[in-house]
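A short worksheet on the structure shown next.
So you know, we letter chains A, B, ... as the sequences are listed, proteins then strands, and number each from 1. Computed from heavy atoms alone, side chains included, the values below leave out hydrogens, waters and symmetry copies.
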Number of protein chains: 2
Amino acid sequence: MKKKATLKEIANELGVSISTVSKALKGSTEISEETTEKITAFAKLLHYRPNNIALSLKNRRTKTIGVIIPEIVHHFFSEVIQGIETFANEKGYNVLIALSNESFDKEVFNIDTLASGSIDGFILSVSKGTLKNQDFHHLYETINQGMPIVLFDRQIPEISCDKVIVDDFQGSRRAVEALIGAGCKHIALITTEDYVDVGFKRTQGYLDAHTRQGIAQNPDLILRVNDQFFSEDALVPLQSRIKEMFLLHPEIDGIFGVNEVYALSGMKVAQRMGYKIPDDLQVVGFTDGVLSKHAYPSLTSVKQHGQNIGREAVQMLIRRLESESDGPFETKVLQTELVQRESTRFEN
Amino acid sequence: MKKKATLKEIANELGVSISTVSKALKGSTEISEETTEKITAFAKLLHYRPNNIALSLKNRRTKTIGVIIPEIVHHFFSEVIQGIETFANEKGYNVLIALSNESFDKEVFNIDTLASGSIDGFILSVSKGTLKNQDFHHLYETINQGMPIVLFDRQIPEISCDKVIVDDFQGSRRAVEALIGAGCKHIALITTEDYVDVGFKRTQGYLDAHTRQGIAQNPDLILRVNDQFFSEDALVPLQSRIKEMFLLHPEIDGIFGVNEVYALSGMKVAQRMGYKIPDDLQVVGFTDGVLSKHAYPSLTSVKQHGQNIGREAVQMLIRRLESESDGPFETKVLQTELVQRESTRFEN
DNA sequence: TTTCAACACGCAAACGTTTTCGAGACCTTT
DNA sequence: AAAGGTCTCGAAAACGTTTGCGTGTTGAAA
C-alpha cells in the first residue's frame with residue numbers, strides 16, 4: 001500500500017534537495033552525472049511519475065479536453081468521441097466527458113464545473129434544450145474567459161468560435177437527387193421539427209434537390225416528427241404516422257429519412273404493407289450507423305465520418321490552445337459520402 | 001478576455017487578505033457580516049469559482065473517476081458509460097475516459113498517465129490484448145499504490161478488487177432453456193473463442209441448459225468465431241461460415257448468438273435461405289442493443305442493463321474512496337433479463 | 001483605569017512541481 | 001596568494017486553495 005512517490009521523498013531519502021532531484025530527472029546539465037544516475041535509478045525503483053495535478057497548477061494548463069455531448073448511447077456521437085479520444089491521446093491530451101442529456105441546465109452546469117480549471121478547452125455539441133431556449137450566455141461567458149470552444153454538429157451561427165460541421169445540405173441534396181436519378185417521382189421525407197439545425201438543413205437539401213431536378217414536391221409527403229419519438233418506446237406512434245402517410249399516398253416510391261431510425265422505420269412500415277424494397281420503394285437514411293449496415297435489406301445512407309469530425313475538432317482546439325495567435329475563427333465543413341446498399345437501385 | 005478570477009484578485013481589489021476572502025465565501029463565522037456581504041457580492045460579480053486544480057492539489061483528491069474501456073462505438077459500453085457518467089455526476093464526480101482499443105499497451109499507458117494524480121480511482125473493462133497476454137502487472141501496481149479499481153464485464157479472477165459483472169452463465173442458460181421450452185431440438189451456438197471470459201461463460205450456459213433439460217447437444221452446432229470477424233467488413237466470412245453450418249445441418253431450429261451481431265447474422269443468413277422466423281427457426285441474442293430492437297423481425301435477446309452496471313461500479317468505487325475502511329472486496333453479480341420479441345415463440 | 005473576553009481579520013504552512021538565482025567548493029590563471 | 005571561472009547544488013518563489021493559530025481592536029466588567 002505504498003503511496004505515490006514524490007520529489008520530496010526521493011530528496012530526503014537521498015540526502016539532496018528537491019530541486020536537485022527535479023533537475024536530475026529532467027536531465028539538466030546542472031547536476032553531475034554521478035548524482036543524476038543515482039537519482040534516476042532510485043526514482044525508477046519507486047516508479048516515480050510527476051503528479052499531474054501539481055503540474056497543471058504550475059503550468060496553468062491541464063492537458064485535458066472537455067467534451068460535452070447530448071448523449072453517448074448513440075452511434076454518431078460515440079464515433080465522434082472515438083475520434084476525439086484517439087487523436088487527443090496522440091497529442092498528449094486526456095478527455096473529460098460530460099453528458100447534457102439534451103438538457104439546458106445540465107449543459108450549463110457541466111460547462112461551469114469543467115471550466116473551473118479542470119480543462120483547457122471545450123469540444124461540444126449543444127443540447128436540444130439549449131437550442132430551444134436560444135440562451136447561449138454560458139457559451140459566451142466561457143469564450144470571454146479565454147477558454148476556447150469548438151462546436152460540432154449542432155450549429156449556432158451567432159456564436160463566434162471554431163466549428164466543425166457536416167455539409168448536411170449537400171449530403172441530403174445528393175441523396176435525394178440520387179433517388180430521383182433512380183426513378184423516384186414521389187419521395188417522402190421523414191424529418192424533425194425545424195429548431196434542430198441539422199434537421200432543418202437536411203430538409204432544405206431535400207427541397208433543393210427537387211427544385212434542381214425540376215420535380216414537383218408535394219408538401220404532404222413531408223412528415224415532421226416530434227423529437228419525443230426518439231425515445232425508445234415511442235416507435236409505435238412514429239410508425240403509425242408513417243403508415244397513415246402511406247395509406248394516403250400510395251404513389252410514394254422513395255423515402256428519405258434524416259436519421260437512421262426514421263429511414264428504417266419507414267422501410268419497416270412499407271415492408272409490412274407489402275412493398276418490395278428496393279423494387280417498389282427505395283430508401284435512404286442520413287447517418288451511417290450500425291443499423292443501416294445490419295438492416296434487411298441493408299440501408300443506403302449518408303455517411304458522416306464521425307471520427308473525422310472528432311479529429312478535426314481536436315486539431316482546431318489544440319491549434320488554438322498551443323498558439324498564442326488569436327487568429328480568425330474557422331468553420332470546417334466536412335463532406336458526406338453516400339454509401340450504397342440494398343435499399344436503393346442506384347446505378348453507380 | 002478577462003481571465004478567471006482568483007482569491008488573490010478579489011482580496012487585492014477589496015483590500016483584505018486572501019484568507020478573509022476564502023473564509024467569507026465559505027460563510028465562516030469568523031468574518032463579519034458586513035465584510036462577508038461585500039466579498040460575496042464582488043465574487044458573484046466576477047463569476048468567481050474556486051480553481052479545481054488547486055483544490056485537488058490541496059485535498060489530494062480530484063473528484064474524478066477514470067474509465068478505461070476497450071472501445072466506445074459499441075452499444076453495451078456506451079450504455080455503461082452513460083450509467084457511470086450520470087451517477088458519478090450525481091455524486092459530484094467527473095469522468096475521464098480513455099480507450100484501450102483492445103490493446104494491452106494502450107491500456108497500460110492510459111492507466112499510467114491517469115494514475116499520476118489525475119483521478120481518484122478506476123473503473124475498467126480489460127482489453128482483449130490484456131486477456132491474451134495474461135499480464136496484469138499494471139493492475140497490481142495500481143492497486144498497490146492504494147488506488148482503487150473496479151472491474152466490470154470482462155473478469156479477471158486472480159485479481160482481488162471490487163467487480164461488477166453480469167451473470168452470463170445464468171443469462172444464457174435461461175435463454176437456451178427458453179428456446180428448448182419453445183420446442184427447439186437443435187440449437188446452434190455462435191460464440192467467440194474461449195479466452196474472452198464472457199464468451200466462455202455464455203457457452204457454458206448454453207451447454208448447461210442442454211444438460212439440465214436432458215437434450216442432446218451436437219458439438220457440430222457450435223460455431224466459434226475469431227474476433228476479427230467483429231471488424232466491420234468481415235461480416236461476409238462470418239455469414240458464409242454460418243451458411244455452411246446451415247447447409248450441413250438443416251435440422252437446426254434455433255440459434256443462440258453470444259452477441260447481437262452473431263445472432264442477427266444467423267437470422268439474416270437463415271432468412272435468405274428461406275427460413276421463416278420464428279416459425280422454422282427461433283433466434284435469441286445476448287446484449288439487448290439497438291440492433292435487436294430494430295431488426296426485422298425484432299430480436300429476442302438477453303438484456304444486460306448496461307446503465308445499472310455503470311451505476312453499481314460507481315457506487316462501489318465511491319464507497320471505497322470515501323470510507324477509510326478497507327473492507328473485503330466484493331463482486332456484484334447483476335442478473336440479466338430475457339426480452340422477448342418477434343424472433344421467438346416463447347409462450348410467456 | 002485596568003483586565004479580559006469576544007470579535008474580526010491576517011500570517012503562514014501545506015499540497016507537488018518547475019525554475020531562477022545565488023552560493024559554496026574547487027580549480028585555474030596571473 | 002589573490003582573482004576569476006566552473007561545477008554542483010540548494011533556497012525560494014510561484015501556481016490557487018484551505019485552515020490553524022496568532023494578533024490587534026473593541027467593548028464590557030471589575
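B/T35 comes within 4.0 angstrom of the backbone, heavy atoms only, and of no base. Contacts of A/S22 with the nucleic acid, taken as non-hydrogen atoms under 4.0 Å apart, include base atoms. In this structure, A/K8 reaches the sugar-phosphate backbone alone: every heavy-atom distance under 4.0 Å involves primed, P, OP1 or OP2 atoms, never a base. Backbone-only engagement by B/L55 is indicated by non-hydrogen atom pairs under 4.0 Å involving sugar-phosphate atoms exclusively.
Side-chain proximity of B/A54 to the nucleotides D/dC15, D/dT17, C/dG16 is greatest for D/dT17.
Side-chain N/O atoms of A/Y48 include one lying less than 4.0 angstrom from OP1 or OP2 on C/dT17. The side chain of A/S19 contributes no N or O atom lying less than 4.0 Å from OP1 or OP2 of D/dA11. At least one side-chain nitrogen or oxygen of B/S32 sits closer than 4.0 Å to the OP1 or OP2 atom of C/dC9. Under 4.0 angstrom from either OP1 or OP2 of D/dG16 there lies at least one side-chain N or O belonging to A/R60. For the OP1/OP2 pair of D/dG10 and a distance below 4.0 Å, the side-chain nitrogens and oxygens of A/S17 include at least one atom meeting the criterion.
Counting only distance, with no hydrogens or angles, the side chain of B/R154 and the backbone of B/S125 share no donor-acceptor pair below 3.5 Å.
Between the base of D/dG16 and the side chain of B/K4 there is no donor-acceptor pair shorter than 3.5 Å. Contact annotation: side chain of A/K23 to base of C/dT20, donor-acceptor pair present below 3.5 Å.
Residue whose closest nucleotide on DNA chain C sits further toward the 5' end, between A/A5 and A/E30: A/A5.
Nucleotide D/dG10 holds its C1' atom 9 Å from the CD1 atom of A/I31, rounded to whole Å. Across the protein-nucleic acid pair, B/R61 atom CZ and C/dC15 atom P stand 17 Å apart, rounded to whole Å.
Contact annotation: the side chain of B/I81 approaches that of B/V67 to within less than 4.5 Å [non-hydrogen atoms, C-beta and beyond].
Aromatic ring pairs are classed by plane angle as parallel below 30°, tilted from 30° to 60° and perpendicular above 60°; the pair B/H74 and B/F76 is perpendicular.
Across B/R319, B/E312, B/K163, a single residue satisfies side-chain contact (heavy atoms from CB on, under 4.5 Å) together with B/E330, and that is B/R319.
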Would A/D120 and A/K63 satisfy salt bridge (Lys or Arg N to Asp or Glu O under 4.0 Å), going step by step from the backbone distance to the final call?
-> CA-CA 6 Å; A/D120 295 340; A/K63 282 265 181 184; over 6 Å; no
